[in-house]
Amino acid sequence: MSGVEQNVTDPYLWLEEVTDERALDWARAHNAVVVERFTVSERFRGLECRILDMLDTDTKIAYPGRRGRWLYNFWRDAEHPRGLWRRTTFAEYAKDNPGWDVLIDLDALATAEDENWVWGGSAVLRPEQSRALISLSRGGADAKVVREFDMERKAFIDPAEGGYFLPEAKSEIHWIDIDSVYVGTDFGPGSLTDSGYPRIAKRWRRGTELADAETVFEGETGDVAVSAGYDRTPGYERHFVGRATDFFNEEVYLLEDDGTLRHLDIPTDASESWYKDWLLVRLKSPWEVGGASYPAGALLAIDFEKFLAGAREFELIFTPDTHTSLHGYGWTENHLLLITLEDVQTKLYVLTPGADGWRREPLADTPPMATTSVSNLDPLEGGDEFMLTTSGFTTPATLLASAVGGRTEQLKQEPGFFDADGVETEQFFAESDDGTMVPYFVIRHRDRKGAPGPTVMSGYGGFEVSRTPGYSGASGMGWLERGGTWVMTNIRGGGEYGPQWHTSVQKANRHKVYEDFSSIAKDLVGRGITTAEQLGAVGGSNGGLLMGVMLTRYPELFGAIVCQVPLLDMKRYHLLLAGASWMAEYGDPEKPEEWEYIGKYSPYQNARADLAYPPILLTTSTRDDRVHPGHARKMAALLEEQGHEFWYHENIEGGHGGAADNKQSAFQAALIYEFFTQMLIERRG
């Protein structure tokens, strides 16, 4: 009998009851086994302490978020494990030891209110910056409480005194002015989509009840989410509404003063943005408009008012090719900055609009085998200034300040947290089953090149998420220093080569993602970098699904697998938490023609007792309200029933990120590397 037939009746549905005591007792019992096996040694405790010291150290960069003259930062360290929200000026930040104005001490707040608060973000009212909307979650969940904060008094404003307040929900809230906001939240029965996000957007005026807020837009229950916002650029003020019909398609409307909606006639799968006179459109699929044809991955520009008047003559300001894609873009006051990926390595350019079109020039030199990102663009108050962050697998991050046409100044540099002497980075390409060449990076000590050795490869492959080089002190300490080789894969499903790298493997073509990853595994063995017995794999969320498929479809390729906050039961994923929002990625399992291909790879339905599987560590979080912890729980229970070697650990807090504070993050990282050390180094000799 096949795995699919075996699981028509699911004996482990009770493990989907997140806070049921029987399910929690099951999780606690399995946690105890993991703790006893992997976390009691001096080696584990030593690595955990090193990682925690790295996360808590004052020498790491306090990355700022610029809002006019203020630089905001959320900071965690040993004394403030929940964190401080604070701000300073640029002049002060440039000092070696800047002074900070602490606005919220989250540890003190959590203690005073007896809540396990985790920081969820802030929305500061511009330009005054006298108020902020603060999001706080319990235990790291996606659902958050929103409270209004007085920046001058450094205190929350009581709702009884007119302060904005939203109870725990997956809300959307955006400032219009000091006395009004756009809000989408749980207004009661029927106000959420099937995915659990707001279906209705309202305008809420201070001093009125939330129930009396004015509805500006309603979507359908089958949509992913609805939101409304306000562009406050002086002279270009615009109200707008977005209706996400699925994860990758959104209808965008301008909201006129009389309440009517004006649809922006652009492809729903495109990404649009505007700044002053310009409308930018990044295409995810080919588009024929205005007598011209534009390829997927292109960036187009047009005068916004002319577009609204009916013009469709776009300027093509970025064209992708087989090696190059657009990774990101953003405005300074007078220029548009582009970040491109050329075979997964970043290049930066500055585009300047003028009477004769757009002039393009290199922005800054970027090192190879590294990622350089642009941040802190503030076109309304920051002029043409910006910041750059550069890091590589063995190169700690450097933060620089610059301006278009100006000099570049180093602001901060992080120290190294592991011994990288002799560790080198190489890029290779593996041929997938359909002939596609798929890139991956190999990080190892030069002395390891002589013979196969223990290797861990990581992967994601979904939702157009690009994975680029970056420094990881934890993997350096926990794996590279132990003689291991680390591999980062750039399989399809991501966006490393533009939107088609993603769209070509959606739904019925999903199997190509798994073929890419397995082909790299084979290529690593073929190049003599490792052996199947010494090869491990790790991934989380959609990458956890990838790990589940590797376990059940390609078990002979791996010596150990770590599967984090995963999707695994693809028969029921759309019924659990935010799962319905991902059907554009995977398909609808209730449609027989789509379950036909989903069912062929769904790990929970394809686990077999008669196959030999590599040892697997499954991890999740009770407070994960994005990917249901039932996926990992049920898979662990099934593997246990079938007699496979598995371990299961569930963090009670942490949400989808898996950890609510630095201490939990250090524990989980150390657990993963200890697991791989025992499975791939000590067990394999």
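Given the structure is predicted, the values throughout are model-derived calculations rather than measurements. Any value given below was found using the heavy atoms of this structure, including those in side chains, with hydrogens, waters and symmetry copies removed.
Counting only N and O atoms by type, the side chains of Q413 and T398 include a donor and acceptor under 3.5 Å apart. Inspection of the Q642 and Y613 side chains reveals no N or O donor paired with an N or O acceptor under 3.5 Å. For the residue pair D321/T324, the side-chain donor-acceptor check at 3.5 Å is satisfied. Under 3.5 Å, the side chains of S519 and D433 contain a donor-acceptor pair of N or O atoms. With hydrogens and angles left out, the side-chain atoms of E556 and Y554 include no donor and acceptor closer than 3.5 Å. Side-chain atoms of N490 and Y497 include no donor-acceptor pair closer than 3.5 Å. Inspection of the T346 and H327 side chains reveals no N or O donor paired with an N or O acceptor under 3.5 Å. A side-chain donor from one of T371 and T468 sits under 3.5 Å from a side-chain acceptor of the other. Side chains of S504 and R492: no donor on one and acceptor on the other come within 3.5 Å.
The main-chain N or O of G630 is found under 3.5 Å from a side-chain atom of H628 such that the two form a donor-acceptor pair. Between the side chain of T57 and the main chain of M54, no donor-acceptor pair closer than 3.5 Å is present. Checked by atom type and distance alone, the side chain of W479 pairs as donor or acceptor with a backbone atom of T485 at under 3.5 Å. A donor-acceptor pair under 3.5 Å links the side-chain atoms of N542 to the main chain of Y460, judged by distance alone.
Between D610 and R608 there is a salt bridge, since a side-chain N of the basic residue sits under 4.0 Å from a carboxylate O of the acidic one. Taking a cutoff of 4.0 Å between a charged side-chain nitrogen and a carboxylate oxygen, K449 and E426 qualify as a salt bridge. A salt bridge links E585 with R510: the distance from a Lys NZ or Arg NE/NH1/NH2 to an Asp or Glu carboxylate oxygen falls below 4.0 Å. The pair R37-E674 fails the salt-bridge criterion, with no side-chain N (NZ, NE, NH1 or NH2) lying under 4.0 Å from an Asp/Glu carboxylate O. A salt bridge links D569 with K634: the distance from a Lys NZ or Arg NE/NH1/NH2 to an Asp or Glu carboxylate oxygen falls below 4.0 Å. The pair E414-K60 does not meet the salt-bridge criterion, since no charged nitrogen lies less than 4.0 angstrom from a carboxylate oxygen. Taking the charged nitrogens against the carboxylate oxygens, R683 and E533 have no contact shorter than 4.0 Å, which rules out a salt bridge. In this structure, R444 does not pair ionically with E424, as no charged nitrogen and carboxylate oxygen lie closer than 4.0 Å. We find that E481 and R50 are joined by a salt bridge, their nearest charged nitrogen and carboxylate oxygen being less than 4.0 Å apart. At a threshold of 4.0 Å, the pair R45-E42 counts as salt-bridged, since one of the basic side-chain nitrogens sits closer than that to a carboxylate oxygen.
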So H30 and E640, side-chain hydrogen bond (donor to acceptor under 3.5 Å, both in side chains) or not? Walk me through it. CA-CA 11 Å; H30 287 83; E640 185 172 32; 3.1 Å; yes

Can F74 and Y63 be said to form a side-chain contact (heavy atoms from CB on, under 4.5 Å), step by step? CA-CA 8 Å; F74 186 73; Y63 289 102; over 6 Å; no

Chi angles and distances behind the side-chain contact (heavy atoms from CB on, under 4.5 Å) call for M457, L535: CA-CA 8 Å; M457 56 187 296; L535 179 58; 4.0 Å; yes

Checking Y648 against W26 for the ring pair (Phe, Tyr, Trp, His ring centres under 6.0 Å) test, could you report, in this order, the C-alpha distance in whole Å, the side-chain angles of both residues, the deciding distance, and whether it holds? CA-CA 10 Å; Y648 176 88; W26 178 93; 4.9 Å; yes

Kindly indicate, with the supporting measurements, whether the criterion side-chain hydrogen bond (donor to acceptor under 3.5 Å, both in side chains) is fulfilled by T372 and T366. CA-CA 7 Å; T372 301; T366 55; 5.2 Å; no

Q345 and E342: side-chain contact (heavy atoms from CB on, under 4.5 Å), yes or no, with the steps? CA-CA 5 Å; Q345 299 181 57; E342 300 181 16; 5.6 Å; no

Set out, in order, the CA-CA distance, both residues' side-chain angles and the distance that settles ring pair (Phe, Tyr, Trp, His ring centres under 6.0 Å) for Y586 and Y573, then state yes or no. CA-CA 10 Å; Y586 305 117; Y573 84 93; 5.5 Å; yes

Intermediate values then yes/no, salt bridge (Lys or Arg N to Asp or Glu O under 4.0 Å), R43 and E48: CA-CA 9 Å; R43 181 175 64 196; E48 182 185 27; over 6 Å; no

Full working for side-chain contact (heavy atoms from CB on, under 4.5 Å) between Q605 and R572: CA-CA 11 Å; Q605 279 74 31; R572 288 179 51 77; over 6 Å; no

What's the verdict on side-chain hydrogen bond (donor to acceptor under 3.5 Å, both in side chains) for S432 and D516, showing C-alpha distance, side-chain angles and the deciding distance? CA-CA 5 Å; S432 193; D516 286 359; 2.6 Å; yes

Determine, stepwise, if the pair R633 / E650 fulfils salt bridge (Lys or Arg N to Asp or Glu O under 4.0 Å). CA-CA 9 Å; R633 289 176 176 179; E650 181 171 325; 2.7 Å; yes

Mind running side-chain hydrogen bond (donor to acceptor under 3.5 Å, both in side chains) on T531 and Q534 for me, showing each step along the way? CA-CA 5 Å; T531 63; Q534 293 175 296; 3.0 Å; yes

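Heavy atoms only, all atoms of each residue included: G297 and L326 are closest at O-CB, 4.4 Å. The two atoms that bring A560 and F676 nearest to each other are O-CE2, 3.9 Å, heavy atoms only. Taking all atoms of both residues into account, the shortest heavy-atom contact from V565 to S621 is CG1-N, 4.3 Å. The shortest non-hydrogen separation linking M570 to I598 is CB-CG2, 3.5 Å. Scanning both residues, G544 and C563, for their nearest heavy atoms gives O-SG, 3.2 Å. For P615 against W647, the heavy-atom pair with the smallest separation is CB-CZ3, 3.9 Å.
You'll find the side chain of P320 reaches within 4.5 Å of the side chain of P295, heavy atoms only. By the 4.5 Å heavy-atom criterion applied to side chains, V627 and P566 are not counted as neighbours. For the pair N376/P64, a side-chain contact is recorded, criterion being any heavy-atom separation below 4.5 Å from C-beta on. The closest side-chain heavy-atom distance from V374 to M387 is not below 4.5 Å. Proximity of K284 to Q500: side-chain heavy atoms (C-beta onward) are nowhere separated by under 4.5 Å. Side-chain contact check for P603 versus L545: some heavy-atom pair is nearer than 4.5 Å. The closest side-chain heavy-atom distance from M635 to L551 is below 4.5 Å. No side-chain heavy atom of N651 sits under 4.5 Å from any side-chain heavy atom of T622.
The six-membered or imidazole ring of Y329 lies away from that of Y349, with a centre-to-centre distance of 6.0 Å or more. For F667 and H649, the gap between ring centers is short of 6.0 Å. Ring to ring, F441 and F393 are close: their centroids are under 6.0 angstrom apart.
At most 12 heavy atoms of other shown residues, nucleotides or ligands fall within 6.0 angstrom of atom CD in E79. Within a 6.0 Å radius of NZ in K571, other residues, nucleotides and ligands contribute more than 12 heavy atoms.
Classified by interplanar angle (parallel below 30°, tilted 30° to 60°, perpendicular above 60°), the ring pair H502/F463 is parallel. Ring pair F418/Y471 is parallel by interplanar angle, where below 30° counts as parallel and above 60° as perpendicular.
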